[in-house]
There are 2 protein chains.
Amino acid sequence: MTYCVGMALDRGLVFMSDTRTNAGLDNISTFRKMHVWEEPGDRVLVLINAGNLATTQAVVSILEERTKAPEDREPSLMGAPSMFQAARMVADVLREVIDEHAQTGQRADSTFNATMILGGQIKGGPPRLFLIYPEGNFIEAGGDTPFFQIGEMKYGRPILVRAYDPTLSFEAAMKLLVVSFDSTIKANLTVGAPFDYLFYETDSYKVGHIGRIKQDDPYFKTISQGWSNALKEALDSLPDFES
Amino acid sequence: MTYCVGMALDRGLVFMSDTRTNAGLDNISTFRKMHVWEEPGDRVLVLINAGNLATTQAVVSILEERTKAPEDREPSLMGAPSMFQAARMVADVLREVIDEHAQTGQRADSTFNATMILGGQIKGGPPRLFLIYPEGNFIEAGGDTPFFQIGEMKYGRPILVRAYDPTLSFEAAMKLLVVSFDSTIKANLTVGAPFDYLFYETDSYKVGHIGRIKQDDPYFKTISQGWSNALKEALDSLPDFES
């Protein structure tokens with residue numbers, strides 16, 4: 001399993017993804033699920049993904065044109081004229097990779113499917129955020145649905161729904177995401193730290209801040225422990241039921 | 001879908017169940033999912049269930065011996081010598097009902113499966129709480145896992161995990177459950193009010209308090225609105241990320 005979130009704020013985009021992959025509960029590994037393409041001054045594209053790891057790695061490899069000799073590579077995403085075109089490219093590659101495996105008649109215990117979130121900005125357009133389905137179609141985030149979750153999204157959703165605000169600072173949005181991820185890893189063993197994160201500031205055309213939060217990160221610990229207490233206090237502040 | 005919780009506290013048991021059933025998203029109804037058998041001074045048994053409505057209704061009908069003429073009925077649960085025997089009865093009936101439908105070769109869009117929580121106390125033993133699987137086996141709640149959720153359990157789980165405490169009063173446990181149910185109905189349309197609840201006080205051998213909370217119940221509204229604000233304040237009380 002996986003848990004990834006892409007979020008649109010007034011000031012830009014925030015992404016967070018976990019790194020746990022599993023083939024059965026007794027076979028877990030750590031893999032990066034966040035991929036970034038950057039041409040400072042022109043574009044930043046961020047792709048986070050959930051689903052079959054072979055599928056998502058194949059998609060990224062094809063997007064980076066690793067089928068060609070290193071000197072001939074010119075990742076196609078770097079040439080996309082708009083975010084919409086970039087989303088279409090990713091979606092097409094994703095569908096092709098899934099089709100290819102399905103048509104061999106092979107079967108996996110899980111399916112070959114994957115779901116992806118693509119966000120970023122290309123000069124000439126606004127920042128945009130897409131959710132790309134394994135069928136090769138996609139939807140875009142808007143004012144009513146300003147964030148997308150993929151993978152094990154249920155445990156961490158209530159806090160996002162209640163506390164999301166488009167005016168959040170990057171630092172406050174990170175706090176919200178850390179709480180959401182912490183709620184998820186407490187309930188599902190197949191989602192796990194470290195977590196990769198990235199901020200993109202509108203019209204900056206460069207990666208704002210990128211990093212990784214480990215399980216023993218002091219900030220992560222502060223939030224994880226502090227949130228338990230804060231939740232209890234929040235509950236205490238409400239009136240008990242009168243029977 | 002459904003959301004039900006059975007919870008063991010130091011002072012007794014608390015149950016809450018929603019009432020929404022659906023056959024597709026365009027066909028929703030309201031049905032009671034909580035069934036109570038009481039013999040004051042001797043026993044109280046509470047059964048809440050999730051899954052195929054025809055299955056769960058058939059199980060309850062058989063347990064109440066509705067196959068017999070009204071004057072001959074003597075619900076078998078009323079004769080069970082212990083909670084463990086009662087759980088075995090329910091589990092056997094549940095498995096038989098599911099088998100019966102499966103063996104006709106009929107298929108439903110969903111399966112005929114159901115999962116149940118049985119709790120209560122029979123004179124001579126302590127209060128006990130069981131989770132009964134469609135396969136006809138069951139597990140019992142203990143100190144490490146003092147509550148069971150069935151149905152759409154993920155959205156409402158984080159708050160239960162963080163705020164549950166065995167020393168909670170019934171009134172505080174109700175508040176916790178209302179928050180958990182409210183988080184769930186905000187995210188899944190197939191879980192809905194009204195909610196049935198029941199308190200059972202250890203060694204009372206009678207139903208303590210039983211009732212129903214409707215969507216427009218003033219207490220429900222207070223909690224639902226208050227919780228959003230309390231959560232935001234809880235989040236504000238934690239330090240922002242420092243990038």
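First the proteins, then the strands, lettered A, B, ... as listed; each starts at 1. Since we're looking at a predicted model, the values are computed, not measured.
Note on Glu233(B), Glu242(B), His209(B): by heavy-atom pairs under 4.5 Å with chain A, the leading option is His209(B). Chain B forms the most heavy-atom pairs under 4.5 Å with one residue out of Pro158(A), Gly156(A), Gly226(A), and that residue is Pro158(A).
Here the NZ-CE distance, from Lys154(B) to Met153(A), works out to 10.0 Å after rounding to the nearest 0.5 Å. For the atom pair CG of Asn188(B) and CZ of Arg157(A), the computed distance is 10.5 Å after rounding to the nearest 0.5 Å. If you take OH on Tyr155(A) and OG on Ser183(B), they are separated by 14.0 Å, rounding to the nearest 0.5 Å.
Contact of Tyr219(B) with chain A is made through the side chain alone, with heavy-atom distances under 4.5 Å.
Shortest non-hydrogen contact noted between Ile213(B) and Phe241(A) is CD1-CE1, 4.0 Å. Across every non-hydrogen atom of Thr222(A) and Pro239(B), the tightest pair is CG2-CG, 3.9 Å.
The closest side-chain heavy-atom distance from Ile159(A) to Leu231(B) is below 4.5 Å.
Among residues at least two apart or in separate chains, salt bridge (Lys or Arg N to Asp or Glu O under 4.0 Å) pairs with a member in residues 189-202 of chain A are Arg32(A)-Asp196(A), Asp196(A)-Arg212(A).
Along residues 160-182 of chain B, the residues that come nearer than 4.5 angstrom to chain A, judged on non-hydrogen atoms, are Arg162(B), Ala163(B), Ser169(B), Glu171(B), Ala172(B), Met174(B), Lys175(B), Leu176(B), Val179(B), Asp182(B) in order of number.
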